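Taking it in order: structure first as structure tokens, then the write-up.
Fair warning: this is a prediction, and the values are worked out from it, not measured in the lab. A note on names: the letters A, B, ... follow the listed sequences, proteins ahead of strands, and every chain is numbered from 1.
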Amino acid sequence: MSSRTTILEKIKQNQPTAISELPNLGTLGLESFEILDKYKAVLKGIGGDFVEVLNYDAIISFVKKNYATEKRMITTIPELAEIAATDWFNDDPHSLENVELTLVKAHFGVAENSALWVTDDLLGQRVSTFIPQYLAIVVNKKDIVATMHQAYDRIGNQEYGFGTFIAGPSKTADIEQSLVLGAHGARGLTVFFMD
Amino acid sequence: MKSNLEHSEAAAIFNKDVKRVDWHDETLWFVREKRDKAAHQIPEWELLRETASEIKNNVLSNMHDYLLEFESNAQKNGITIHWAADADEHNKIVHSIMEKHGVKQMVKSKSMLTEECHLNEYLSEKGIDVIDSDLGERIVQLRKEPPSHIVLPAIHLKKEDVSETFHEHLGTEKGNNDPQYLTEAARLHLRDTFLTRKVALTGVNFAIAETGEIVVCTNEGNADMGVHLADVHIACMGFEKIIPQRKHLSVFLRLLARSATGQPITTFSSHFKTPRDGKEMHIVIVDNGRTTQLGREDFRSSLKCIRCGACMNTCPVYRRSGGHSYHNAVAGPIGSILAPNLDMSKNADLPFASTLCGSCTNVCPVKIDIHNQLYKWRQVLVKEGHTPLGKTVAMKGMATVLANPMVFDFAGKAGRFVMKNMPVLVNNSLNPWYKQREMPAPPEESFREWYKKNAKESKDKKDE
Ligand code: SF4
């Protein structure tokens, strides 16, 4: 008998016979708070930064002022082509190794933990938000939801091959619980809020 | 594993360095306090725990069907599913995938299951080089030690230890103990690893039956760096990682990081549904004793565990004995319930490594009644003749004492007599709690005597 059959049969035999019903999630996440304020406070608390901008031009000038634009910048946002390359989607992902800054859009953000939801249609390549030294993500102010419950309502049965919540820069506290930003992924995250 | 010492013996050695033990204790308590702060910010925290517990109960009773649903959906997504009855079969499957691709190197992110199966040792015997990419895991790997905590693998080490290890293996400056500097050195070293490995192995935090996708949570981004740059992604999971629907992730992702480290969520919560174009993705679903545990009515709820580590951080015994003294991949209170299921005689000491204070049960995000199960394991182990003599005598004594208030009263008096007049009887191996602890001076009167007297006195006062 294959292990598959053995395992499944044993599970069938041994699992509890009394069926426990699935709980209703409808009563969760209804607490009310100022969504944008909460988002900003939590983001700061986990080492991220934010800038409120009116349009893409404002993002371009912010990036020019604050990042090393002589280094490699990549984006999936056509409006930012002036400062960042848009021709790398089919390259070998290893070739992104020298990227200084990646700029992408998020579908939405979550106030309670400042996470941003991105999927591969926004990423260009799956590794694009993990491999650069710095990361910037653009999100519309109206696309911030309160909690993870609204977040998954919004995701619903969205199709994707890969999706991830990103909350702040990569970090570790594995050496004596001292927090260090920039473990393997981005050392810094800037969130651009658009109106 | 490090040793075959029993928990109490290993703990005694750990306790020799008093300063270090105090530091270990305080560090973990600090993490526990962060958990409390995070939990208190969510007014519906208790409802969340209850909901998570109910979802997991539903999973236990529908395990068979959810696994089939998961398998068929994952296959539709282009993922290859493997089933492993035990650790050995798990290791063989992973190795066969490596062989098929003719690859001799692997990058691996955190997976307690592969620790449980001793995958690294197995692969290295086969000539395969495995690099653990989680910083804490990399540190202990370089030191040839197992992780001492499921979330904080190097929590038993001080920065000076890490500095020594990195100096030896990565050529960092001798005596530079700055965590920032040391982390940067590891970042550079591991970046090279990510760029050159063709096979990446990860654990699984949640597997969703409804969609056939898996979710992996990290703070460092190491799982993603490995997977997105490799040709083959192998994900290994115990079958209990299954949850019914995508929307249930909302509950678990709210609880997991807050319970673990007090963060509102891990930096990355990555949902892997299909392999990249032209690449491969494998999921190995492992039993290794879990079906047996599922059949033990008293212990099956231990399979609800989401591996947050909160029960360890809060445990007074774990904090003062260190993860390695549990000689099991998963240490602490939950490890002490899981381990005897795998091997009763080898792990008979673990359910005794607890004060049964119940703090673990209070913090567990999926409401496992951890301390009750530890107590129940003791009964089972004693009945089946698995406990060392010292503990059996002490336990039987304790059971009689607790069962009978008359004897309890007497034992209190007799105990004080023994401690005053024959301290050697207390200070011996029949009393596992004596180790590295000054027994408190026996009080002049027992609590019961005091209570009787005082209750009477206050009654007398009232009557005045
Ligand atoms: S038993 Fe509960 S508290 Fe302990 S690791 Fe598992 S989920 Fe966390």
Using non-hydrogen atoms and a 4.5 Å limit, figure out which bit of [X] sits close to chain A: side chain, backbone, both or neither.
X: I139(B); value: side chain
X: I42(B); value: side chain
X: L67(B); value: side chain
X: P244(B); value: side chain
X: E210(B); value: neither
X: A257(B); value: neither
X: R276(B); value: both
X: K56(B); value: neither
X: L229(B); value: both
X: T266(B); value: backbone
X: V31(B); value: side chain
X: L253(B); value: side chain
X: R187(B); value: both

> Rounded to the nearest 0.5 Å, what separation is found between the CD1 atom of I77(A) and the OG1 atom of T75(A)?
Replying inline: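 With rounding to 0.5 Å, CD1 (I77(A)) is 4.0 Å from OG1 (T75(A)).
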> To the nearest 0.5 Å, what is the distance between CG (L25(A)) and CG (D153(A))?
Replying inline: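 It is 8.5 Å, given to the nearest 0.5 Å.
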Go through the atoms of [X] and report whether side chain, backbone, both or neither lie under 4.5 Å from a heavy atom of chain B.
X: F165(A); result: both
X: I46(A); result: side chain
X: E112(A); result: both
X: A18(A); result: backbone
X: I19(A); result: both
X: T27(A); result: both

Under a 4.0 Å threshold between the charged nitrogen and the carboxylate oxygen, would [Y] count as salt-bridged to [X]?
X: R154(A); Y: D143(A); answer: yes
X: R290(B); Y: E240(B); answer: yes
X: E52(A); Y: K40(A); answer: yes

Residue among [options] with most heavy-atom pairs under 4.5 Å to chain B:
options: E159(A), Q177(A), H94(A); result: H94(A)
options: H149(A), E9(A), E21(A); result: H149(A)
options: I166(A), V127(A), L28(A), T172(A); result: L28(A)
options: A151(A), G185(A), P16(A); result: P16(A)

Count the heavy-atom pairs under 4.5 Å between each of [options] and chain A, then report the option with the highest count.
options: N62(B), L157(B), I285(B); result: N62(B)
options: P275(B), A186(B), G221(B); result: P275(B)
options: Q293(B), E297(B), Q263(B), R258(B); result: R258(B)
options: S163(B), A154(B), S61(B); result: S61(B)
options: H82(B), H156(B), E89(B), R296(B); result: E89(B)
options: Q41(B), E44(B), E54(B); result: E44(B)

Could you tell me whether the side chains of [X] and [Y] share a donor-acceptor contact shorter than 3.5 Å?
X: D224(B); Y: S270(B); result: yes
X: N58(B); Y: S20(A); result: no
X: E213(B); Y: T211(B); result: yes
X: S3(A); Y: T6(A); result: no
X: Y67(A); Y: T190(A); result: yes

>> Using ring centroids (six-membered ring only for Trp), state whether W117(A) and H271(B) fall under 6.0 Å.
In response: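 When the ring centroids of H271(B) and W117(A) are compared, they turn out to be within the sub-6.0 Å range.
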>> For the backbone of E79(A) and the side chain of Y56(A), can you confirm whether one donor and one acceptor N or O come within less than 3.5 Å of each other?
In response: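 Absent.
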>> Under a 3.5 Å distance rule, please check whether N73(B) uses its side chain to pair with a backbone N or O of A209(B) as donor and acceptor.
In response: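 Pair found, side chain donor or acceptor close to backbone of A209(B).
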> Which residues satisfy the ring-ring contact (aromatic ring centres under 6.0 Å, His included) test with F194(B), sequence neighbours excluded?
Replying inline: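 Partners of F194(B) under the ring-ring contact (aromatic ring centres under 6.0 Å, His included) test: H184(A).
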Might you point out which heavy atoms bring [X] and [Y] nearest each other, and give the distance in Å?
X: Y66(B); Y: L22(A); result: OH-CD1, 4.0 Å
X: S109(B); Y: N222(B); result: CB-ND2, 3.5 Å
X: R191(B); Y: Q133(A); result: NH1-NE2, 4.0 Å

